[in-house]
Amino acid sequence: MAKLFQAVRGMNDALPADTPLWAGVEATLRDILVSYGYQEIRLPLVEKTELFARSIGTVTDIVEKEMYTFNDRNGDSLALRPEGTAGCVRACIEQGLLRNPMQRLWYGGPMFRHERPQQGRYRQFHQIGVEAFGMAGPDIDAELICMTARCWQRLGVQDVALELNSLGTREARAAYRERLVGYLESRREDLDEDSRRRLHSNPLRVLDSKHPAMQAIIAEAPVLLDHLDLESRQHLDRLQEFLSAVGITYTLNTRLVRGLDYYSKTVFEWVTGRLGAQGTICAGGRYDGLVEQLGGAEIPAVGFAIGLERLIALLGSDGYTGLDQSPQAYLVMVGEQAERRGLILAETLRNAWPALHLQFNCSGGSFKTQLKRADRSRAQWALILGQEEIDSDTIAIKFLREAQEQTTLPMAALDDFLRDHLPQPTQ
RNA sequence: GUGGACGUAGCUCAGUCGGUAGAGCCCCGGAUUGUGGAUCCGGUGGUCGUGGGUUCGAGCCCCAUCGUCCACCCCA
């Protein structure tokens, strides 16, 4: 099939069959974040390229070859955001939000990375991210992890596990890094091509290598946790105590290093084995130096991001149906008089019942056709307005989803029916 | 950026030895009057991804190209 236009590679449509999943997940996550006292912040999709280079790290693949960059008309180099933290930190500094000693923020939306698409990885993908500023202790790390655990619990996410590690302070990490490079240099002959390349650009990531031949070398490598500074060690111990106290199980994964330069101390990931090679549905960590690095004060921070495509794929395979947005009622009209009165009735009902989801039959059609449309709209009831109903000032209600006899009500009784049958507002 | 697999109807796929295309689902219509879903009947819909080549003849063989998927790299 020759197609005139196709979507850009790696940028997908979410069709009506999928949007209830998206709406359900977004609503649930949002409710939980808000219930923990986090405030929404909305950020641009585009920032100066330099912002990402300075925060994510110039030698990371994201900045080196995965960013969508372009020149603005005035010559500025701009980029579609590849992640959310940098823009959030920029906004907080620029707008003075960090004059408040503590900030709990969340945001959501599309991110862009020019990678080869595969399962769970797309060029436009969606995250919900959380950032907490001004809190240096492990208690906020624990709060964030509790919050994510609650998200999985409420959504019914199956088969995810928490992995935890500490990268130490910037200084401890630098010292460890030298020790690791030394070790890897001594085994240089045994390294595969990728690892050799990373040896100097990003040596910690060698620990993450999936190459089978590398596993023995990695197993003998110096362990980051053994070289933590005292402060980071205590931070991690305390975090582990918090997690145990609330019954959150995890595994310490000393190879968990995260790709972005700005992390320090706590890093964590929620992973599943059910999404192929891209099994991380949520990842985060502490980035105590970033605010200062971007020109702000010395303010500690910690955050995480949830990959919505991955989360939704996992939920969808477990039969999660999300937020049902189909109408409750479908208005069927037969005859000229009914058609004339139908629109008035529909708008009157909408005035009186703002929560009512009512679909109005358009383009006529036989009675049978209209009922067929009512059925396919997934409405609960067909409201039937025909000549008989007009003559007797009544309306018929046919139940489309339950074994209940069709009834005819006086038009004046329709409000009572809706009062009894519409779902109560939850608040 | 690298590798492998695969491109036939909106979707999932069949298509024999090379003889110019089929099924199921979906959608639309019908099966006595104003009653959806189940069943039955009928219908719409395809330059076989695209462009070349071989051949009397190509969905099928060859080349190129584009695309999709999966994996590597990287990462949510």
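Just so we're clear, the structure is a prediction, and the values are computed from it rather than from any experiment. Chain letters run A, B, ... following the sequence lines, proteins first and then strands; every chain starts at 1.
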Between N or O atoms, less than 3.5 Å apart, protein on one side and nucleotides 27-29 of chain B on the other: list the pairs.
from, atom 1, to, atom 2, distance (Å)
B/C27, O3', A/Arg376, NH1, 3.3
B/C28, OP1, A/Arg376, NH1, 3.1
B/C28, OP1, A/Arg376, NH2, 2.7

Heteroatom pairs (N/O) under 3.5 angstrom, protein to nucleotides 31-34 of chain B:
from, atom 1, to, atom 2, distance (Å)
B/G34, O6, A/Gln387, N, 3.3
B/G34, O6, A/Glu388, N, 2.6
B/G34, O6, A/Glu389, OE1, 3.4
B/G34, N1, A/Glu389, OE1, 2.9
B/G34, N1, A/Glu389, OE2, 3.2
B/G34, N2, A/Glu389, OE2, 3.0

Distances for protein N or O near nucleotides 4-6 of chain B N or O, under 3.5 Å:
none

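Both A/Pro117 and A/Asp375 lie close to RNA chain B; mapped to their nearest nucleotides by heavy-atom distance, the more 5′-ward contact belongs to A/Asp375. If A/Gln278 and A/Arg9 are placed on RNA chain B by their nearest nucleotide, the residue sitting closer to the 5' end is A/Arg9.
For the pair A/Lys65 NZ and B/U2 P, the interatomic distance rounds to 11 Å; values are reported in whole Å. Here B/G10 presents its P atom at 14 Å from CD of A/Gln6, a figure rounded to the nearest Å. With rounding to whole Å, A/Asp18 atom CG is found 14 Å from B/C11 atom P. Residue A/Gln127 contributes atom CD, which lies 13 Å from atom P of B/C75 at whole-angstrom precision. Across the protein-nucleic acid pair, A/Arg123 atom CZ and B/U68 atom C1' stand 13 Å apart, rounded to whole Å. The NE2 atom of A/His211 sits 12 Å away from the P atom of B/C74 (whole-angstrom rounding). The distance between atom CG of A/Asn12 and atom C1' of B/C69, rounded to the nearest whole Å, is 12 Å. Between the CD atom of A/Glu115 and the P atom of B/C70 there is a distance of 14 Å, rounded to whole Å.
Classification of the A/His421-A/Phe399 ring pair by plane angle, with boundaries at 30° and 60°, yields tilted.
The residues A/Asp226 and A/Arg179 are annotated as not salt-bridged, no charged nitrogen and carboxylate oxygen being separated by less than 4.0 angstrom. Using a 4.0 Å cut-off between charged side-chain N and carboxylate O, A/Arg150 and A/Asp31 make no salt bridge. Note on A/Glu115 versus A/Arg123: no salt bridge recorded, every NZ/NE/NH1/NH2 to OD/OE distance being 4.0 Å or above. A salt bridge is absent between A/Asp375 and A/Lys372; no separation between the charged side-chain nitrogens and carboxylate oxygens falls under 4.0 Å. In this structure, A/Glu40 does not pair ionically with A/Arg30, as no charged nitrogen and carboxylate oxygen lie closer than 4.0 Å.
Within the 4.0 Å cut-off from OP1 or OP2 of B/C72, at least one side-chain nitrogen or oxygen of A/Lys210 is found. Taking 4.0 angstrom as the limit, A/Arg401 places none of its side-chain polar atoms (N or O) nearer than this to OP1 or OP2 of B/G37. In this structure, A/Gln118 reaches the B/A71 phosphate: one of its side-chain N or O atoms is under 4.0 Å from OP1 or OP2.
Between A/Ser77 and A/Asn71, the closest heavy-atom pair is CA-OD1, 3.8 Å.
Side chain to side chain, A/Thr85 and A/Glu131 meet the donor-acceptor criterion of an N or O pair below 3.5 Å. Judged purely by distance below 3.5 Å, without hydrogens or angles, the side chains of A/Thr251 and A/Asn253 never pair a donor atom with an acceptor atom. A donor-acceptor contact closer than 3.5 angstrom links the side chains of A/Tyr38 and A/Glu143.
B/C41 and B/C17 have their P atoms separated by 32 Å, with the value rounded to a whole Å. Using C1' as the reference atom, B/A58 and B/G19 are 10 Å apart when rounded to the nearest Å. Straight-line distance between the P atoms of B/G15 and B/G49: roughly 15 Å, to the nearest whole Å. Spacing of C1' atoms, B/U54 relative to B/G4, comes out at 28 Å, to the nearest Å. With both ends at atom C1', the span from B/A31 to B/A23 equals 24 Å, rounded to whole Å. The same atom, P, is picked in B/C60 and in B/G43; the two are 29 Å apart, to the nearest Å.
At a threshold of 4.0 angstrom between heavy atoms, the contacts of A/Arg113 include nucleobase atoms, whether or not backbone atoms are also involved. The residue A/Tyr122 sits close to a base: some heavy atom pair falls under 4.0 Å. Residue contacts shown for A/Gly129 are absent, as no nucleic acid heavy atom lies under 4.0 Å away. In this structure, A/Phe399 reaches the bases: a heavy-atom distance under 4.0 Å links it to at least one base atom across the strands shown. Backbone-only engagement by A/Ala283 is indicated by non-hydrogen atom pairs under 4.0 Å involving sugar-phosphate atoms exclusively.
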Which side-chain N or O atoms in residues 206-214 of chain A pair as donor and acceptor under 3.5 Å with protein atoms at least two apart or in another chain?
from, atom 1, to, atom 2, distance (Å)
A/Asp208, OD2, A/Arg205, NH2, 3.0
A/Ser209, OG, A/His211, N, 3.1
A/His211, ND1, A/Asp192, OD2, 3.3

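For A/Arg310 (side chain) and A/Thr280 (main-chain N/O), a donor-acceptor pair under 3.5 Å exists by modelled atom type. Side-chain N or O atoms of A/Thr272 include one that pairs as donor or acceptor with a backbone N or O of A/Asp159 at under 3.5 Å.
Between A/Pro138 and A/Phe242 there is a side-chain heavy-atom pair separated by less than 4.5 Å.
Pairs passing the ring-ring contact (aromatic ring centres under 6.0 Å, His included) check and including a residue from residues 318-349 of chain A, sequence neighbours excluded, do not occur.
Side-chain rings of A/Trp381 and A/Phe417 approach one another, their centers coming within less than 6.0 Å.
Checking B/C74, B/G36, B/A71 against the side-chain heavy atoms of A/Lys398 singles out B/G36 as nearest.
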* **Paired and unpaired positions of RNA chain B as dot-bracket, Watson-Crick or G-U wobble under 3.5 Å, | denoting a partner strand** => (((((((..((((.....[..)))).(((((.......))))).....(((((..]....))))))))))))....
